[in-house]
Number of protein chains: 4
Amino acid sequence: MTISSPRQKRDPEETRKRILNSAKKEFALKGLAGARVDTIADRAKANKRMIYHYFGNKEELFQKVIEEAYLDIRSAEKKLNIVQLEPIEAIETLVRFSWDYYLKNPEFLALVNSENLHRARHLKKAQKIIEVHEGFVLMMKEILNRGVKLGIFRDNIDPVQLVITIASISYYYQTNRHTGSIIFQRDLMSPEAQAERLDFNIDTILRLVCS
Amino acid sequence: MTISSPRQKRDPEETRKRILNSAKKEFALKGLAGARVDTIADRAKANKRMIYHYFGNKEELFQKVIEEAYLDIRSAEKKLNIVQLEPIEAIETLVRFSWDYYLKNPEFLALVNSENLHRARHLKKAQKIIEVHEGFVLMMKEILNRGVKLGIFRDNIDPVQLVITIASISYYYQTNRHTGSIIFQRDLMSPEAQAERLDFNIDTILRLVCS
Amino acid sequence: MTISSPRQKRDPEETRKRILNSAKKEFALKGLAGARVDTIADRAKANKRMIYHYFGNKEELFQKVIEEAYLDIRSAEKKLNIVQLEPIEAIETLVRFSWDYYLKNPEFLALVNSENLHRARHLKKAQKIIEVHEGFVLMMKEILNRGVKLGIFRDNIDPVQLVITIASISYYYQTNRHTGSIIFQRDLMSPEAQAERLDFNIDTILRLVCS
Amino acid sequence: MTISSPRQKRDPEETRKRILNSAKKEFALKGLAGARVDTIADRAKANKRMIYHYFGNKEELFQKVIEEAYLDIRSAEKKLNIVQLEPIEAIETLVRFSWDYYLKNPEFLALVNSENLHRARHLKKAQKIIEVHEGFVLMMKEILNRGVKLGIFRDNIDPVQLVITIASISYYYQTNRHTGSIIFQRDLMSPEAQAERLDFNIDTILRLVCS
DNA sequence: CATGAATGAGAATTCATTCAT
DNA sequence: TATGAATGAATTCTCATTCAT
């Protein structure tokens, strides 16, 4: 039996992933300026030098984190197979998904806020992101069309406005949960409050699309 | 006769205000961690030392900025005299106000995001804010009641959920304008896009409240 | 009586000068890449931060050092009032000056070498340097002209080539004194060796210019 | 059948040479402190580990480069077979050689400058170098003697001073070509300027040695 | 012999804050 | 009240070198 070495196993892909995960947390928690490279390295149990080796510098690491975040949410949503659902069910599923995804991935909200603080200068460089989202809007358009044909949805709803609205009502509630809980003097994130809000959101969107 | 001093005029209140304004811009632009005390002082044409004199330190300055921001939006909204309007008109006015205020005060959005990144720890200390917002929810409740009595509004709408929803659909659109413009491949802030969104928002809310 | 404060006296001009002097030594000793900002600050008994405050960064500090070095040698040479001397005396004085200046300012040699390693990219930015040297070449031209008129100098000597040659024979000897002492197995910088070389140099140049 | 390896061919001597060449370039370009081990390895298309395997460390590699450089210049000069030439032709050939060698091997100049910055501490360890140069001075002595006997050279010229002077006037011109071109506001390395300087140098040396 | 991931020491630079005037 | 020089603690980033495979 030998004493285990303190050195990291030589698994570059693993190391890369650990750094990326650690960075996601740190950037979400502190923003780009507030995040500490040291903290990222420590949490990743990686040598700080590796961050520069794999990602160039702090800003490029942030960019990679942003890219991955946007790819992940679309990839999760694709798994829902929404196209196979009835129009109303499809819409409701999307509202639920939006709520649940933000709930399970609160870093996503923080990262998007950070990226907007930086005027989306990192996202601009990510071609893949644009392509992935075109499909998303088309899918929404298709759902709306089907609903209109079935006589259950209103005509002439802009799919982009709808997509934005669905995101808004979950996003805002959750991203502003701290200031909101103070201003409204209630715990916006208690299980009951959560359930209530999700229902309210589904209602809001269905009233918006149904004829 | 004395030689005129190159120093700043000794108007303490003025200096304080200039610092506060400069800080608001800088914090909105860069967040708490990214903001630079030097930049704030320079833009305020004040000596850096004055910041510490008047506000203690960077973080307390941030807190003051946050407080002022929340007081300002409610003070602006109060000037609308919404209680005197018809229920539908009142609601529409609030939706418009929400949109316009964010448009004219984009720093507000950035500051609120920053404050939530910091888990509202600065806002927690501001007693005044809580009081001011209680009034706001009560006013919304009163509008809803009147609408219900007139038979034009649905019953049992939670004024807090409504207030949050009204804010959401304007806030999200504007705070995420940079990432949104990339993802949806359109300029979300062109005059036409703005008009379209405001209409959509009014529609969304009216469908939500009207019976 | 009070205990003297460990803090530096608040004399900005003094601080600047101390940094510049310290930097000159360090850059001459180690080159741009080998020099340490910490060492410069320590030797200047200044806070490292002051280097960035006064000079921007390491490279800009280097640039300032180079500029000053070139200005200093010309300023020293101007004090010789060479134009008032007889042609032969003038030439001999210049050869002596060249030798002595390098001897008393060995950093100059090292700095010029460093700057050439960096392809003169710092000197390029210094307009003053060019102006100062134009005057130098003109002065040499005037000396040569007078010598020709008096029938003691050869005609058609390019003043620039002469200036370069005068510098060469002192510069090379001194800047390569370490490798030279090894290769030639003698101490090139012993007092006797120095005197011998200076005589040799004067002889070399007079044979070159005299008819 | 085996799958061909992507590795470098296992030719140790070749690898060593590639590293040495790459190092020469890098050290000449950046100096000892500024040179990067990574860059040397990359340019040599060798693994960084090989540098340590063959040369120990960065400094020992530098030492080897310096040694080789000094051996090369003397070896090139020996090929001239100067001893077989007439005294004047011999001297002129040496002046030309000095000029041409520096021109074709600009790294030599930079390396010598670097080594002097480091007070020749690497050269000191190279016994071979000393031996080789003893021969060089003896050869110069012999040429001078022959010239004196033929009545064409002056008596009592120190061969070491002459050797140094011949090197000086080419070396200085070329090593300071960047700062020189700025200071004198002319391109010192244009073909015309080069030809002119070489002629000037030959003239300078012949006037020095001829009686 | 060859590879390239990993490391730790250190270097440049930044920044909020304090102090002498 | 006002100024701006000075400070020290971080923070990002770099680099020669070593180790597992």
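Each chain gets a letter, A, B and so on, in the order the sequences are listed, and its residues count up from 1. Because only heavy atoms are used, hydrogens play no part in the values below, and waters and symmetry mates are left out as well, while side chains stay in.
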Quick one: CG on C:Asn21 to CD1 on C:Ile40, what's the gap to the nearest 0.5 Å?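 Answer rounded to 0.5 Å: 11.5 Å.
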Tell me, please, which residues at least two apart from C:Phe27 pass ring pair (Phe, Tyr, Trp, His ring centres under 6.0 Å).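 Scan of C:Phe27 (ring pair (Phe, Tyr, Trp, His ring centres under 6.0 Å), adjacent residues dropped) gives C:Phe62.
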Given side chains that start at C-beta, do those of B:Phe55 and B:Leu20 come closer than 4.5 Å, heavy atoms only?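 SC-SC contact between B:Phe55 and B:Leu20 confirmed.
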Could you please name the option among F:dT18, E:dT7, E:dA2 that lies closest to any side-chain atom of D:Tyr52?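 Between F:dT18, E:dT7, E:dA2, the one nearest the side chain of D:Tyr52 would be F:dT18.
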So which nucleotide from E:dC19, E:dA2, E:dT13 ends up closest to the side chain of D:Met50?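 For D:Met50, the side-chain atoms sit closest to E:dA2.
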Ionic contact status for [Y] with [X], cut-off 4.0 Å:
X	Y	result
D:Glu26	D:Arg43	yes
B:Glu13	B:Lys17	no
D:Lys64	D:Glu60	no
D:Arg121	D:Glu59	yes

Atom [atom1] of [X] to atom [atom2] of [N]: distance rounded to whole Å?
X	N	atom1	atom2	result
A:Phe55	F:dT12	CZ	P	16 Å
C:Lys45	F:dA6	NZ	P	15 Å
C:Phe62	E:dA12	CZ	P	14 Å
A:Asp11	F:dT21	CG	C1'	13 Å
A:Leu61	F:dC13	CG	P	10 Å

Closest-nucleotide mapping onto DNA chain E: is C:Asn57 or A:Asn47 further toward the 5' terminus? I mean the 5' end.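 Final value for this comparison: A:Asn47.
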Is any side-chain nitrogen or oxygen of [X] closer than 4.0 Å to OP1 or OP2 of [N]?
X	N	result
A:His53	E:dA6	no
A:Thr15	E:dA6	yes
C:Tyr54	F:dA5	no

With a cut-off of 6.0 Å (strictly less than), are more than 12 heavy atoms of other residues, nucleotides or ligands near CZ of D:Arg119?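 Atom CZ in D:Arg119 is not packed in, count stays at 12 or less.
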Under 3.5 Å for both distances, Watson-Crick or G-U wobble, that's the pair rule; now give the dot-bracket for DNA chain E, with | marking pairs to another strand and [ ] for crossing ones. .||||||||||||||||||||
Answer yes or no: side-chain N or O of B:Lys48 and base N or O of F:dT3 forming a donor-acceptor pair under 3.5 Å.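 Flag unset: no donor-acceptor pair detected.
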Close residues, residues 26-43 of chain A, relative to DNA chain F [heavy-atom separation under 4.0 Å]: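 Per residue number, the list reads A:Ala35, A:Arg36, A:Val37, A:Asp38.
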Between C:Asn113 and C:Thr175, does a side chain to side chain donor-acceptor pair (under 3.5 Å) hold up when you go through it step by step? CA-CA 9 Å; C:Asn113 281 340; C:Thr175 195; 2.8 Å; yes
